[in-house]
Amino acid sequence: MGALMSCMSGTPPSDSPPQAKRRSSASSRRGGGGAKAAEIDEQALAAAAALVLGQRGGGGTFDRSASVRYAAKRQQQGPPLPRSSSTRPRSLADPELQPQQLLAKELNTKDLETNIIVLVHGGGFGAWCWYKTMSLLEDSGFKVNAIDLTGSGINSSDTNKISSLSEYAEPLTSYLKGLGDAEKVILVGHDFGGACISHAMEMFPSKVAKAVFLCATMLTNGHSALDIFQQQMDTNGMLQKAQELVYSNGKDRPPTAINIDRASVRDLLFNQSPAKDVSLASVSMRPIPFAPVMEKLTLTEGNYGWVRRFFVETTEDNAIPLSLQQSMCVTNPPEKVLRLKGSDHAPFFSRPQALHKTLVEIATLPRAQAS
């Protein structure tokens with residue numbers, strides 16, 4: 001999967017890949033018997049142990065109230081990283097412009113291969129995080145849909161009961177399944193949403209015109225998002241300090257979810273974002289289901305590899321540092337890599353105008369002609 005596969009031409013592959021390659025945590029437990037279930041539990045516990053190793057003491061679920069401040073805990077973590085300030089002028093990398101000013105010429109979205117953009121949030125986020133991006137894209141003539149994945153945003157499912165990536169991404173795959181035969185979309189996945197759009201690309205390759213990985217987990221066959229996050233821990237250790245595992249089934253069972261410590265969330269995710277957006281996130285974020293994070297994906301060249309892929313780097317990202325983003329692109333090269341200078345892990349908050357311009361650029365890129 002390390003070779004560039006995104007520019008392959010020809011007839012789109014079938015949207016029904018062989019069932020023998022479809023695996024999930026839930027189906028394995030049901031069909032593999034007690035021994036198989038025990039093996040999966042053992043693997044999950046081992047993964048959790050790797051995450052917990054070296055963490056600060058005193059785990060457990062954190063208080064979700066946005067009014068609670070953890071001053072003492074913050075002092076133990078040392079000085080905070082640089083963050084946004086209301087007195088700092090707007091960055092030249094993200095000028096405050098009207099949508100039409102961002103385009104070199106008038107854009108007729110009806111002339112594009114597709115003018116439908118589907119926004120897929122990252123772990124802990126919801127459709128709410130895209131409010132600036134949706135407005136800018138709609139003003140430019142695109143049809144925009146922001147998906148709430150299972151247990152996220154306003155989806156009422158219990159995060160602790162999500163047992164597979166397919167279950168977590170079900171709102172996205174259901175949406176794609178309902179598209180007309182000739183309809184295509186551009187998928188934009190942020191953070192863990194990268195694994196979700198990869199899953200969707202494998203299932204419905206002919207319905208995805210382009211896939212955009214926005215500082216996201218861009219995986220190769222046989223790997224999980226957990227593999228990426230463990231590399232992040234080796235990079236700067238911030239995620240390891242910020243995460244709090246939830247064991248709703250008891251400490252002798254695998255974790256069911258991951259919380260982000262509220263004292264760390266700003267430095268980890270929003271170090272360049274406006275205070276009002278950090279406040280929105282602090283009352284809106286939900287736990288991240290653990291089982292989908294540790295699930296290894298089955299990705300084939302004929303399905304996932306047929307879709308055109310793009311990666312958008314964020315240079316001031318503390319959650320998935322730039323070096324790790326670049327490592328993913330080296331391992332699994334996309335068609336093109338674009339960069340948002342000065343962006344933290346939430347470019348839809350910290351660099352909304354630059355993000356909008358980048359997404360429009362990707363949407364208008366024609367397929368390269370075969371030589």
Side-chain angles (χ1 to χ4, degrees), residues 50-56 62 66 69-71 73-86 88 91 93-94 121-125 129 132 189-195 213-218 225-245 258-282 284-288 293 311-329 337-352 354-355 358:
L51 288 171
V52 172
L53 186 62
Q55 270 190 313
R56 296 163 293 150
F62 63 91
R69 296 295 181 261
Y70 297 86
K73 201 168 188 179
R74 182 178 293 278
Q75 290 175 0
Q76 296 173 6
Q77 297 172 355
L81 295 177
R83 59 179 61 170
S84 63
S85 168
S86 59
R88 187 173 62 191
S91 168
D94 193 53
H121 62 80
F125 291 85
C129 72
K132 296 179 183 179
H190 169 247
D191 183 74
F192 183 44
F213 291 79
L214 178 61
C215 52
T217 50
M218 187 169 66
L226 182 63
D227 298 331
I228 299 297
F229 295 138
Q230 285 180 326
Q231 291 182 53
Q232 191 277 358
M233 293 175 195
D234 295 335
T235 302
N236 63 22
M238 287 194 66
L239 180 59
Q240 186 173 4
K241 295 177 182 178
Q243 69 184 5
E244 297 177 345
L245 298 178
I258 306 170
N259 275 320
I260 301 297
D261 170 39
R262 286 299 189 265
S264 305
V265 69
R266 183 165 188 146
D267 289 340
L268 180 66
L269 303 175
F270 309 119
N271 51 297
Q272 299 293 324
S273 296
K276 63 180 180 180
D277 292 321
V278 180
S279 297
L280 170 64
S282 70
S284 304
M285 292 188 72
R286 295 177 62 180
I288 306 165
V293 172
F311 195 95
V312 181
E313 298 176 342
T314 43
T315 62
E316 305 301 319
D317 195 326
N318 289 330
I320 303 182
L322 180 60
S323 59
L324 182 52
Q325 298 176 43
Q326 293 173 333
S327 176
M328 285 189 285
C329 292
V337 178
L338 301 96
R339 175 172 291 189
L340 295 178
K341 295 182 179 179
S343 176
D344 56 21
H345 193 59
F348 34 75
F349 290 158
S350 62
R351 295 293 182 268
L355 173 59
T358 298

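The residues of the chain are indexed from 1 along the displayed sequence.
Ring-plane geometry between H190 and H345 is classed as tilted, the angle between the planes lying from 30 to 60 degrees on a 0 to 90 degree scale. Between F270 and F349, the ring planes lie tilted relative to each other; the angle falls in the 30° to 60° range.
When all heavy atoms of D317 and C215 are compared, the closest pair comes out as OD2-CB, 3.5 Å. Contact between L269 and D344 at its shortest, heavy atoms only, is O-CG, 3.5 Å. Nearest heavy-atom pair across Q272 and S350 is O-CB, 3.5 Å. When all heavy atoms of P274 and K132 are compared, the closest pair comes out as CG-NZ, 4.2 Å. The two residues Q326 and E313 make their nearest non-hydrogen contact at CG-OE2, 3.3 Å. Annotation for T217 and A195: closest pair OG1-N, 3.2 Å, computed over non-hydrogen atoms.
With hydrogens and angles disregarded, a donor-acceptor distance shorter than 3.5 Å links the side chain of T358 to the backbone of A354. A distance-only check finds a donor-acceptor pair linking the side chain of Q325 to the backbone of T314 [under 3.5 Å]. Checking side-chain atoms of R351 against main-chain N and O of G342 turns up a donor-acceptor pair under 3.5 Å.
To the nearest 0.5 Å, atom CG of residue D191 and atom NE2 of residue H121 are 10.5 Å apart. The line from CZ of F192 to CD1 of I228 is 11.5 Å long, rounded to the nearest 0.5 Å. Taking CE of M285 as the reference point, atom CG of L280 lies at 10.5 Å (rounded to 0.5 Å). Note that CG of N318 is 8.0 Å distant from CD of E316, once rounded to the nearest 0.5 Å. Note that OG of S327 and CD1 of I320 are 12.0 Å apart. Values are rounded to the nearest 0.5 Å. How far CG of L338 is from CZ of F213: 14.0 Å, rounded to the nearest 0.5 Å.
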Please walk me through it: do L340 and L214 pass side chain to side chain contact (heavy atoms under 4.5 Å, CB included)?
-> CA-CA 10 Å; L340 295 178; L214 178 61; 4.2 Å; yes

